[in-house]
Amino acid sequence: GLFGPGLRDWTTGRAVLAGKTAYSAEETPLPAPTILNANERRRAVPTVRLALVVASEAVRAAGLDPAQVPAVFASSGGDGETMNVILEALSVQPREVSPTRFTNSVHNAPSGYWTIGTGCREPATSLCAYDFSFAVGLLEAAAQCLSFGKPVLLACYDVPYPQPLQGVRPISTAFGMALVLTPVRTPPTVAALDLELASGSEPTVLDNPFLETLRQTNPAARSLPILQALARPRSAPIVVESPSGGRVLCEITP
């Protein structure tokens, strides 16, 4: 699953990442997540809409029932717009915070909406590791996949903050991606992924300067080198930054 500027879904994004289509970084409105009912769709904030759109696309592509798939949701923060509104409300009298705003302010709101919308009772993990949230999410999803012996969904997403939060935590634009990891090969499988912790290797950069800028300015977009290797497809070692100066080495085999 994929959504970002000029990358409205995986089909579009795969052609761009493979170099078959020129990249145009035009902003695309976030679609409404169809798994939610009308009332929940209206209340859904950008992080929820983004996470659910890419997660739904990935599970459909894997041919799986979303109610049967454990999930890992990774984001470097929460919904900045919601947090900003709450902080503004707390700075004046009377201090009144909307219950809906409070519900959407928690970091695991997207995973909660996902389990409600899909009727999923499998584990749903929500984690944050600042700029390294994709790497940590990938390791967590892979560990659960091997531990459970069943497919696991990984959804990673980040959206910009409004001012003044954007001034201290700049995120360029909305970007989200999702993968389904399986312990064994299945008919929809596109590649094998071998992971190991490494040190000393420089992170993989993208040859397209506009996509490389996106990779550097949205934490979830640190996934783009892996997505590009899946799109081309080709065997490739990918290095992704992880916390404390570490690296995750990803060997991808189509």
Side-chain angles (χ1 to χ4, degrees), residues 1-4 7 9-20 54-66 68-74 122-125 127 129 132-157 175-208 211-212 215 219-243 246-254:
L2 179 62
F3 184 90
L7 308 167
D9 53 29
W10 175 241
T11 300
T12 302
R14 180 170 52 190
V16 171
L17 292 169
K20 298 178 180 178
V54 295
S56 297
E57 184 184 11
V59 173
R60 283 196 306 270
L64 297 172
D65 177 359
Q68 304 299 320
V69 182
V72 174
F73 288 79
E122 294 290 330
T125 303
L127 59 83
F132 315 107
S133 297
F134 168 69
V136 173
L138 180 62
L139 291 173
E140 175 67 20
Q144 290 191 18
C145 176
L146 295 177
S147 177
F148 297 156
K150 63 188 298 183
V152 173
L153 166 69
L154 167 66
C156 191
Y157 45 92
F175 180 89
M177 57 78 64
L179 297 171
V180 172
L181 305 181
T182 61
V184 296
R185 182 174 179 170
T186 65
T189 295
V190 297
L193 182 64
D194 290 320
L195 301 175
E196 67 175 272
L197 296 177
S199 60
S201 302
E202 289 300 314
T204 300
V205 300
L206 299 165
D207 45 18
N208 184 306
L211 290 172
E212 173 60 16
R215 185 191 74 84
R222 303 287 175 91
S223 60
L224 278 170
I226 289 179
L227 297 177
Q228 185 177 71
L230 296 176
R232 287 189 167 173
R234 66 181 187 188
S235 298
I238 305 296
V239 178
V240 182
E241 303 102 315
S242 61
R247 301 286 187 266
V248 179
L249 177 62
C250 313
E251 290 282 352
I252 296 175
T253 305

Quiz prompt | Shortest non-hydrogen contact from A55 toward L153 | solution = CB-CD2, 3.7 Å
Quiz prompt | Sidechain-backbone polar pair: T12 side chain, D9 backbone, donor-acceptor under 3.5 Å | solution = no
Quiz prompt | Heavy-atom side-chain proximity of P70 to F148 below 4.5 angstrom | solution = yes
Quiz prompt | side-chain hydrogen bond (donor to acceptor under 3.5 Å, both in side chains) contacts touching residues 189-199 (sequence neighbours left out) | solution = T186-T189
Quiz item: So, Q144 and T125: side-chain donor and acceptor under 3.5 Å apart, yes or no?
Solution: yes
Quiz item: Considering only heavy atoms from C-beta outward, does the side chain of V16 approach that of N208 to under 4.5 Å?
Solution: no
Quiz item: Considering only heavy atoms from C-beta outward, does the side chain of I252 approach that of S235 to under 4.5 Å?
Solution: no
Quiz item: Under 4.0 Å between a Lys/Arg side-chain N and an Asp/Glu carboxylate O for R222 and E212?
Solution: no
Exercise. Take L197 and L139 through the test side-chain contact (heavy atoms from CB on, under 4.5 Å) and record every step on the way to the result.
Key: CA-CA 10 Å; L197 296 177; L139 291 173; 3.9 Å; yes
Practice problem: Of all the heavy-atom pairs spanning C145 and L181, show the shortest one and how long it is. | Solution: SG-O, 3.6 Å
Self-check item: Which atom of S223 lies closest to which atom of F175, heavy atoms considered
Solution: OG-CE2, 3.7 Å
Practice problem: Go through the steps to decide whether E202 and V239 satisfy the test side-chain contact (heavy atoms from CB on, under 4.5 Å), and finish with yes or no. | Solution: CA-CA 7 Å; E202 289 300 314; V239 178; over 6 Å; no
Quiz item: Are any non-hydrogen side-chain atoms of V72 and L138 less than 4.5 angstrom apart?
Solution: no
Quiz item: Please walk me through it: do C250 and L193 pass side-chain contact (heavy atoms from CB on, under 4.5 Å)?
Solution: CA-CA 7 Å; C250 313; L193 182 64; 3.9 Å; yes
Exercise. Can you see which heavy atom on S133 is nearest to which on C156, and at what distance?
Key: C-SG, 4.5 Å
Review item, side-chain donor-acceptor pairs of residues 225-233, under 3.5 Å, at least two apart:
residue: R232; atom: NE; partner: L17; partner atom: O; Å: 3.3
residue: R232; atom: NH2; partner: D207; partner atom: OD2; Å: 3.2

Quiz item: Just wondering, do M177 and Y157 contact through their side chains at under 4.5 Å, heavy atoms?
Solution: no
Under 3.5 Å, sequence neighbours excluded: what are the donor-acceptor pairs made by side chains of residues 57-66?
residue: E57; atom: OE1; partner: L2; partner atom: N; Å: 3.0
residue: E57; atom: OE2; partner: W10; partner atom: N; Å: 2.8
residue: D65; atom: OD1; partner: A67; partner atom: N; Å: 3.0

Quiz item: Can you tell me if S242 uses its side chain to pair, donor with acceptor, with the backbone of R247 under 3.5 Å?
Solution: yes
Exercise. Kindly give the heavy-atom pair with the smallest separation between A135 and E241, and that separation in Å.
Key: CB-O, 3.1 Å
Quiz item: How close do L211 and L224 get, heavy atom to heavy atom, and via which atoms?
Solution: O-CD1, 3.7 Å
